[in-house]
Amino acid sequence: MLLREVAYARPASLAEALEILAADDGARALAGGQTLINVMKARAGSPDTLVDLSGIDDLKGIELGSDGTLEIGAMATYTEIMASSEARARPILGEVCAQIADVQVRNRGTIGGNVCTNDPTNHLPPLLAALGARFTIAGGDGERTVSSDDFFLGVYLTAVGAGELLTKVTIPAGRNDGFAAVTLGVEGTCIASAAASLNGSVRIALGCVDAVPVVLTPASDDADAVKQAVRDADLEPPSDVHASSDYRRHLAEVLAVRAVDQARGAA
């Protein structure tokens, strides 16, 4: 289906992009476009103005601090993260990006677009929740930083408000991470997923079982402790054509243990 006519802007700076978004309630940011363009094609929604962020160099960098902290610009693509020597300081990032869709999507899709969409079937929200990422958001009143626990608010809803933009994702140092998922085919979205980080403490995030990643902090990385933490979460996953609620609840236990096992093996 053809798109309806919309205005188009390609700002060269973050300040210019924020100015356009503030002036037009119908303006929407365009990152990789892997979700927004399909929504527009389906006529499920359409902005009045597309604000293309691809010309803003300040949103594209990947930097590694001396303390191992990794900063990834919101417009960094999955392919760029996979190829980045800096991002290899946290190997799980490239490994998971390599599992997302196909080459064409990985060349266009961005880390910022993935997390700001916050589709429960996406790979990156539970991963970044498990890693304890922080999200920097810019708006007319300046910048603010939000923890992963406060960033994801609901399906397709995050702490990025009207007239604001996610500028970067900051990930603390660490290497002992894991990710496991059951997907719709080899390159499909997740039916259920789990990410784990064992850097100083045990932190697990479950995907596809709620509107936002469900974060667990079991007392140990023992399989029984991990399974019990999942059970204690009293999950009520949705049922759909791909999986029943009971099956997703079962997968949450299985995948959480697998993610922890992978994280332990990375130590």
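Reckoned from all heavy atoms, side chains included, excluding hydrogens, waters and symmetry mates.
Between the side chain of S245 and the backbone N or O of P237 there is at least one donor-acceptor pair closer than 3.5 Å. Using a distance-only test at 3.5 Å, with no hydrogens or angles considered, a donor-acceptor pair links the side chain of D240 to the main chain of A243. Distance alone, capped at 3.5 Å, places no donor-acceptor pair between the E164 side chain and the G139 backbone. Between the side chain of R203 and the backbone N or O of A129 there is at least one donor-acceptor pair closer than 3.5 Å. Side chain of R90 to main chain of P172: a donor-acceptor pair is present (N/O by atom type, distance under 3.5 Å, no hydrogens or angles). Using a distance-only test at 3.5 Å, with no hydrogens or angles considered, a donor-acceptor pair links the side chain of R248 to the main chain of P238. Panel note: side chain R106, backbone I100; a donor-acceptor pair is recorded below 3.5 Å.
Within the model, atoms CE of M75 and OG of S54 stand 5.5 Å from one another, a figure rounded to the nearest 0.5 Å. For the atom pair CD1 (I72) and CD (E63), the distance works out to 11.0 Å, reported to the nearest 0.5 Å. Here the CD1 atom belonging to I171 is positioned 10.0 Å from the OG1 atom belonging to T69, to the nearest 0.5 angstrom. Atoms CZ and CD1, from R10 and I20 in turn, are 12.0 Å apart once rounded to the nearest 0.5 Å. Rounding to the nearest 0.5 Å places CD of Q99 at 11.0 Å from CD of E187. In this structure, OG1 on T49 lies 10.5 Å from CG on D25, to the nearest 0.5 angstrom.
Residues S148 and L128 form no side-chain contact, since every pair of their non-hydrogen atoms from C-beta on lies 4.5 Å or further apart. Proximity of T117 to Y156: side-chain heavy atoms (C-beta onward) are separated by under 4.5 Å at one or more points. At least one side-chain heavy atom of L59 sits less than 4.5 Å from a side-chain heavy atom of T167. Between N114 and P125 the shortest side-chain heavy-atom distance falls below 4.5 Å. Annotation: side chain of T189 is not in contact with side chain of D119 (no heavy-atom distance under 4.5 Å). Residues L127 and L93 are in side-chain contact: their nearest non-hydrogen atoms beyond the backbone lie under 4.5 Å apart. Residues M40 and L50 meet the side-chain proximity criterion, which asks for heavy atoms closer than 4.5 Å. Taking 4.5 Å as the limit, every side-chain heavy atom of N122 sits out of range of all side-chain heavy atoms of L124.
I56 and S13 get closest at one heavy-atom pair: CD1-O, 3.6 Å. Residues A256 and V226 come closest through the heavy atom pair CB-CG1, 3.7 Å. Counting all heavy atoms, side chain and backbone alike, P126 lies closest to A195 at O-CB, 3.6 Å. Smallest separation of non-hydrogen atoms from L235 and A252: CD1-CB, 3.8 Å. Minimum heavy-atom separation, P91 to R175: CG-NH2, 3.4 Å. Scanning all heavy atoms of the two residues, the minimum distance from L53 to A17 falls at CD2-CB, 4.2 Å.
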Steps toward salt bridge (charged side-chain N to carboxylate O under 4.0 Å, His left out) verdict (D246, R249): CA-CA 5 Å; D246 287 342; R249 193 178 297 108; 2.6 Å; yes

Could you give me the CA-CA distance, side-chain angles and deciding distance for L165 and V160, then say whether side-chain contact (heavy atoms from CB on, under 4.5 Å) is met? CA-CA 6 Å; L165 288 172; V160 181; 5.6 Å; no

Between R231 and E253, does the side-chain contact (heavy atoms from CB on, under 4.5 Å) criterion hold? Intermediate values first, please. CA-CA 8 Å; R231 293 173 191 147; E253 284 189 37; 3.2 Å; yes

Step-by-step side chain to side chain donor-acceptor pair (under 3.5 Å) determination, S147 to D149: CA-CA 5 Å; S147 71; D149 292 338; 4.8 Å; no

Hey, mind stepping through I37 and L30 against side-chain contact (heavy atoms from CB on, under 4.5 Å) and telling me if it holds? CA-CA 9 Å; I37 297 301; L30 176 68; 4.2 Å; yes

Pair V169-I111, side-chain contact (heavy atoms from CB on, under 4.5 Å): steps then yes or no: CA-CA 8 Å; V169 180; I111 186 173; 4.2 Å; yes

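Counting only N and O atoms by type, the side chains of N199 and S197 include a donor and acceptor under 3.5 Å apart. No side-chain donor-acceptor contact under 3.5 Å links N118 and T158.
Between K60 and E80 no salt bridge is recorded (no basic side-chain N to carboxylate O distance below 4.0 Å). D261 and R258 are not joined by a salt bridge, as no carboxylate oxygen comes within less than 4.0 angstrom of a charged side-chain nitrogen.
Residues V96 and V182 do not share a hydrophobic cluster, defined by chaining ILVMFWY side chains whose heavy atoms lie under 4.5 Å apart. In terms of hydrophobic clustering, with Ile, Leu, Val, Met, Phe, Trp and Tyr side chains grouped at heavy-atom distances under 4.5 Å, L166 and F152 are assigned to a common cluster. Using a 4.5 Å cut-off between side-chain heavy atoms of Ile, Leu, Val, Met, Phe, Trp and Tyr, with links allowed through other members, Y8 and L36 fall into the same hydrophobic cluster. V214 and V260 fall within the same hydrophobic cluster, where Ile, Leu, Val, Met, Phe, Trp and Tyr residues are linked whenever their side-chain heavy atoms come under 4.5 Å apart, directly or through other members. Put simply, V115 and V146 are part of the same group of oily side chains (I, L, V, M, F, W, Y) that touch within less than 4.5 Å, one to the next.
Aromatic ring pairs are classed by plane angle as parallel below 30°, tilted from 30° to 60° and perpendicular above 60°; the pair F135 and F151 is parallel.
Surrounding CG of D141 are at most 12 heavy atoms belonging to other residues, nucleotides or ligands under 6.0 Å away. The neighbour count for E19 CD, taken as heavy atoms of other residues, nucleotides or ligands under 6.0 Å away, does not exceed 12. Annotation: D52, atom CG; neighbour count of heavy atoms from other residues, nucleotides and ligands within 6.0 Å is above 12.
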